[in-house]
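Inspection log for the structure reproduced underneath, given as structure tokens.
This structure is a prediction, so every number in the text was calculated from the model and none was measured. When reading the values below, keep in mind they use all heavy atoms of this one structure, side chains included, and skip hydrogens, waters and symmetry mates. Note that the numbering runs from 1 along the sequence shown for the chain.
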Amino acid sequence: MRRKFWVAMVTVLIMGGLTVPGSARAEKIQGQKQMMIVDDTFRFVPGTWGDYTIVDKVKKESYHFVLSILNDEQVHGKNCSWMEIRIDMKGKPSVITKVLVEKTKQGPGEPLKAIVQMVGYDPFIVPEKYLKGKDTQIAPEEKYKIVKRVGRQEVYFKGRKIRLWKVRTMSESGKKAVAWVSEDILPLGVYKVDIPEYGMYLNDWGTGAKSEIKGSPMNFYLWIAKIIGAALTDGMKETKK
């Protein structure tokens, strides 16, 4: 009962707009994390996936991150793509976010539609008002532009040869990072990022990606009502014991 009630209350708070402003907002979204994208390396190839370990060295926590590119879709004459992100954190339910984004040369554009599922619960459709702008509840990607290529190397990983470039990058907010990137690693193109406050390390990549969303997505407000109703029902059962 406690777990269901906790999930319901947290979700009510975040979807009610009680989040902090700016980049910290992503950290308040249940189970979501920002995605680092290095300019000119992201590829929208349907069926490709990348598996990474992300380390937040400041908070001293790590999590498992899987990005999948699903099917293409045309929206108002724009070329778009469904992509999916799964975040696994120790002691918390895995969270899957399926997002429809416009395809741009710099990577994913703004989200047009989104479905979220905490593993063990029904999926829900994110209301349009929470897709972008100041009220967004979809963790944004953090884009880095390549400033300079400073080295080249070939390595064998999982039995496959990867051609790597070591690059100096800078984010839209002015943060700097050194990364190893490769066009051989689809879809994200990142092999390794290792800086004092952050680490991103490739575990595997491949093809054949499919959506991990299970069940039919619900209207968000019906989803909230269902979760709260289940929590209250469990509470009444425990009271009668």
Side-chain angles (χ1 to χ4, degrees), residues 22-27 32-58 62-70 72 78-87 97 99-112 132 136 138-158 160-207 209:
S23 60
R25 182 185 295 117
E27 293 301 317
Q32 295 193 28
K33 296 288 183 180
Q34 284 187 311
M35 174 172 60
M36 180 178 179
I37 292 178
V38 179
D39 196 16
D40 296 328
T41 63
F42 196 99
R43 296 290 183 270
F44 286 100
V45 179
T48 57
W49 55 270
D51 184 313
Y52 293 85
T53 295
I54 310 290
V55 180
D56 186 327
K57 299 178 183 180
V58 176
S62 64
Y63 54 95
H64 182 222
F65 168 97
V66 180
L67 169 69
S68 300
I69 303 299
L70 305 176
D72 291 340
K78 297 180 179 179
N79 294 321
C80 302
S81 175
W82 281 100
M83 66 182 199
E84 197 166 275
I85 299 164
R86 191 184 84 232
I87 299 293
T97 304
V99 188
L100 179 66
V101 297
E102 182 179 356
K103 297 195 288 187
T104 75
K105 293 181 179 179
Q106 291 74 40
E110 290 188 330
L112 304 175
K132 53 188 175 182
T136 182
I138 299 299
E141 68 274 359
E142 191 165 21
K143 294 180 179 177
Y144 282 74
K145 186 175 183 61
I146 295 176
V147 177
K148 186 177 181 180
R149 296 175 183 260
V150 294
R152 191 171 183 177
Q153 183 180 355
E154 289 187 351
V155 299
Y156 281 88
F157 186 83
K158 300 286 185 177
R160 290 171 281 183
K161 184 170 72 173
I162 307 174
R163 296 164 295 179
L164 298 174
W165 279 99
K166 184 179 183 180
V167 296
R168 300 190 188 279
T169 68
M170 181 177 293
S171 73
E172 295 169 331
S173 62
K175 289 189 288 186
K176 297 178 181 180
V178 174
W180 287 95
V181 300
S182 173
E183 293 184 356
D184 299 328
I185 305 169
L186 301 176
L188 200 52
V190 175
Y191 175 70
K192 180 174 69 173
V193 179
D194 197 350
I195 56 178
E197 63 273 13
Y198 179 87
M200 180 173 179
Y201 311 99
L202 179 69
N203 295 319
D204 204 354
W205 79 102
T207 58

### Query
What do you reckon, are the aromatic ring centroids of Phe42 and Phe44 less than 6.0 Å apart?
yes
### Summary
Shortest non-hydrogen pair, Val99 vs Pro111, comes out as CG1-CB, 3.5 Å
### Task
For side chain to side chain contact (heavy atoms under 4.5 Å, CB included), just list the numbers for Ile162 and Ile185, CA-CA rounded to whole Å, side-chain angles, deciding distance to a tenth of an Å, and then say yes or no.
CA-CA 8 Å; Ile162 307 174; Ile185 305 169; 3.9 Å; yes
## Note on the structure
Closest non-hydrogen atoms of Arg149 and Val167, given as atom of the first, atom of the second and distance, are CG-CG1, 3.9 Å
#### Entry: Considering all heavy atoms, the nearest Ile69-Arg43 contact
CG1-O, 4.1 Å
### Query
Would you say Asn203 and His64 make side-chain contact, with heavy atoms under 4.5 Å?
yes
### Task
Inspect the surroundings of CZ in Arg163 and state if more than 12 heavy atoms from other residues, nucleotides or ligands are less than 6.0 Å away.
no
### Note: Lys103-Asp72 ion pair, threshold 4.0 Å (strictly below)
yes
### Query
Are any non-hydrogen side-chain atoms of Lys145 and Thr169 less than 4.5 angstrom apart?
no
### Query
How many angstroms lie between NZ in Lys166 and CG in Leu164, if you round to the nearest 0.5 Å?
11.5 Å
#### Entry: Sidechain N-carboxylate O distance under 4.0 Å for Arg160, Asp204
yes
### Query
Can you tell me how far OG1 of Thr41 sits from CG of Leu186, rounded to the nearest 0.5 angstrom?
10.0 Å
#### Entry: Non-neighbouring partners of Ser62 that pass side chain to side chain donor-acceptor pair (under 3.5 Å), sequence neighbours left out
none
## Note on the structure
In terms of heavy-atom contacts, Thr48 and Ala209 come closest through O-CB, 3.8 Å
### Message
To the closest 0.5 Å, what do you measure between OG (Ser182) and CG (Leu202)?
### Response
9.5 Å
### Message
Check this for me, if you would: do Asp194 and Lys57 make a salt bridge, where the nitrogen-to-carboxylate-oxygen distance has to be below 4.0 angstrom?
### Response
yes
### Task
Enter the distance from Tyr201:OH to Phe65:CZ here, rounded to the nearest 0.5 Å.
15.0 Å
### Message
Nearest 0.5 Å, please: how far is CD in Glu110 from CG in Leu112?
### Response
8.0 Å
## Note on the structure
In Cys80, Pro108, Ser81, the residue satisfying side chain to side chain contact (heavy atoms under 4.5 Å, CB included) with Leu100 is Cys80
### Task
Taking all non-hydrogen atoms of both residues into account, name the closest pair between Asp184 and Trp205 and its distance.
O-NE1, 3.3 Å
### Task
Please tell me if the side chains of Gln153 and Trp180 come closer than 4.5 Å, counting only heavy atoms from C-beta onward.
yes
### Query
Side chains of Val155 and Lys161: closer than 4.5 Å at any heavy-atom pair?
no
### Message
Can you tell me how far apart CZ (Arg86) and CH2 (Trp49) are? Round to the nearest 0.5 Å.
### Response
10.0 Å
### Query
Would you find a donor on one side and an acceptor on the other, under 3.5 Å apart, between the side chain of Tyr52 and the backbone of Val190?
yes
### Task
Answer whether the closest heavy-atom distance between the side chains of Thr104 and Lys78 falls below 4.5 Å.
no
### Message
Within the 4.5 Å heavy-atom criterion, are Tyr198 and Val58 side-chain neighbours or not?
### Response
no
